[in-house]
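Since this is a predicted model, take the numbers as computed values, not measurements.
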2 protein chains.
Amino acid sequence: MDIFSALSDPTRRHILEQLNRLGPQSIKQLNAGLPITRQALTKHLNRLIKAKLVMAEFSGKEKVHKLNPNALLTVERWIAPFAKQWDKRLQGLQIHMENKDE
Amino acid sequence: MDIFSALSDPTRRHILEQLNRLGPQSIKQLNAGLPITRQALTKHLNRLIKAKLVMAEFSGKEKVHKLNPNALLTVERWIAPFAKQWDKRLQGLQIHMENKDE
DNA sequence: TTGACATGCAACCTTTAGGTTGCTCATGCT
DNA sequence: AGCATGAGCAACCTAAAGGTTGCATGTCAA
């Protein structure tokens, strides 16, 4: 469950956004938009793969990475219980439940 | 926007869950359920406060921390664009769109 | 006012994260 | 075959994360 730490880095989030917008990409392609070395990028990609957020396969010389957005469901599920509460607040309903438990 | 790194630590996520289940808590109270020192916990709480996930105020001697679940909306909003895609896949619709762009 | 209790502040230690450089390997075009 | 290209591997550096111990401070109750 270190999907959360996988998401903690801005570069990795950027990678995910790129894959989401542009579809499957090679390391070289992803590197074009990033001010870091290829090796640093590779490390990020490996962490994303470990977290199951990204899948990769070789197409000849190139290693093509594609998104596995399903993994983000883990995060969604974790957040859900909190969401119930903020919904109430945003709708101003908490005024009526200030002295209740649930 | 380092709310993501705030969420990357299991201890901090545990703290948020505790606050969500039990309501506002002092440092002492939160510490009871954690195998770390009070000072370590305080550092975690400070990071949560910086990330706006938690708010604190003194009640006499005690510093009471309460949840600010609204902050999690940031995460929700970031995930949303991905969610669109995984919904499609989960419903098996991707079979029909394998050679499309959108 | 004295003492217990909840917290703050600071120094320190160890591990990991993110990044770099340098070299090797495999693929594929010519 | 030969060479350019995309990627892997390993060593290394620096800064930050997570934790600890030790001491100081403010609040409340007796």
Side-chain angles (χ1 to χ4, degrees), chain A residues 1-19 22-68 71 74-75 78, chain B residues 1-19 22-68 71 74-75 78:
Chain A
M1 178 102 72
D2 67 343
I3 193 179
F4 285 96
S5 25
L7 292 178
S8 70
D9 184 81
T11 301
R12 284 194 290 271
R13 289 199 301 275
H14 180 260
I15 292 171
L16 295 177
E17 290 165 358
Q18 287 286 104
L19 291 177
L22 308 175
Q25 301 257 301
S26 72
I27 296 180
K28 186 86 185 302
Q29 288 176 309
L30 287 168
N31 202 11
L34 288 172
I36 58 176
T37 58
R38 174 180 56 82
Q39 287 82 349
L41 171 57
T42 298
K43 286 188 188 178
H44 283 304
L45 287 171
N46 286 337
R47 293 204 58 180
L48 289 171
I49 290 172
K50 256 188 193 163
K52 314 273 189 194
L53 276 163
V54 162
M55 286 159 19
E57 60 182 6
F58 274 93
S59 160
K61 208 162 38 164
E62 298 184 348
K63 190 177 189 183
V64 180
H65 296 76
K66 63 176 177 180
L67 200 59
N68 176 26
T74 304
V75 180
W78 185 84
Chain B
M1 177 102 72
D2 68 342
I3 192 180
F4 286 95
S5 26
L7 292 178
S8 70
D9 185 81
T11 301
R12 283 193 291 269
R13 290 199 301 277
H14 180 260
I15 292 171
L16 296 177
E17 290 164 358
Q18 287 288 102
L19 291 178
L22 309 175
Q25 301 257 301
S26 72
I27 297 181
K28 186 87 185 299
Q29 288 176 308
L30 286 168
N31 201 12
L34 287 172
I36 58 177
T37 58
R38 173 181 56 81
Q39 287 82 350
L41 171 58
T42 298
K43 286 189 187 178
H44 283 303
L45 287 171
N46 286 337
R47 293 205 57 182
L48 290 171
I49 290 172
K50 256 188 193 164
K52 315 272 189 194
L53 277 162
V54 162
M55 286 158 20
E57 60 182 3
F58 275 92
S59 159
K61 210 168 23 172
E62 299 183 349
K63 190 177 187 185
V64 179
H65 296 76
K66 63 177 175 180
L67 200 58
N68 176 26
T74 305
V75 180
W78 185 84

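Remark: A:Gln25 pairs with A:Leu19, A:Leu22, A:Gln29, A:Leu30 by the side chain to side chain contact (heavy atoms under 4.5 Å, CB included) rule, at least two apart or across chains. Scored by the side chain to side chain contact (heavy atoms under 4.5 Å, CB included) test, A:Pro10 finds A:Arg13 as partners (sequence neighbours excluded).
In this structure, CG of A:Leu7 is placed 17 Å from C1' of C:dG18, rounded to the nearest angstrom. In this entry the distance linking NE2 of B:His65 with C1' of C:dT7 reads 10 Å, nearest Å. To the nearest angstrom, P of C:dG18 lies 13 Å from CG of A:Asn46.
Counting heavy atoms from C-beta on, the side chains of A:His65 and A:Ile27 come closer than 4.5 Å.
Note that the first and last nucleotides of DNA chain D, 5' to 3', having any atom under 4.0 angstrom from a heavy atom of chain B are D:dA17 to D:dC28.
Within residues 49-57 of chain A, no residue has any heavy atom under 4.0 Å from DNA chain D. Against DNA chain D, the stretch residues 32-41 of chain B makes heavy-atom approaches under 4.0 Å through B:Ile36, B:Thr37, B:Gln39, B:Ala40.
Terminal axes of the helix from C:dT1-D:dA30 to C:dT30-D:dA1 (five pairs each, C1' rotation axis) are separated by 20°, to the nearest 10°.
Residue B:Lys63 has a polar side-chain atom (N or O) positioned under 4.0 Å from OP1 or OP2 of C:dG8.
Without hydrogens or angle criteria, B:Asp9 side chain to B:Arg12 main chain gives a donor-acceptor distance under 3.5 Å.
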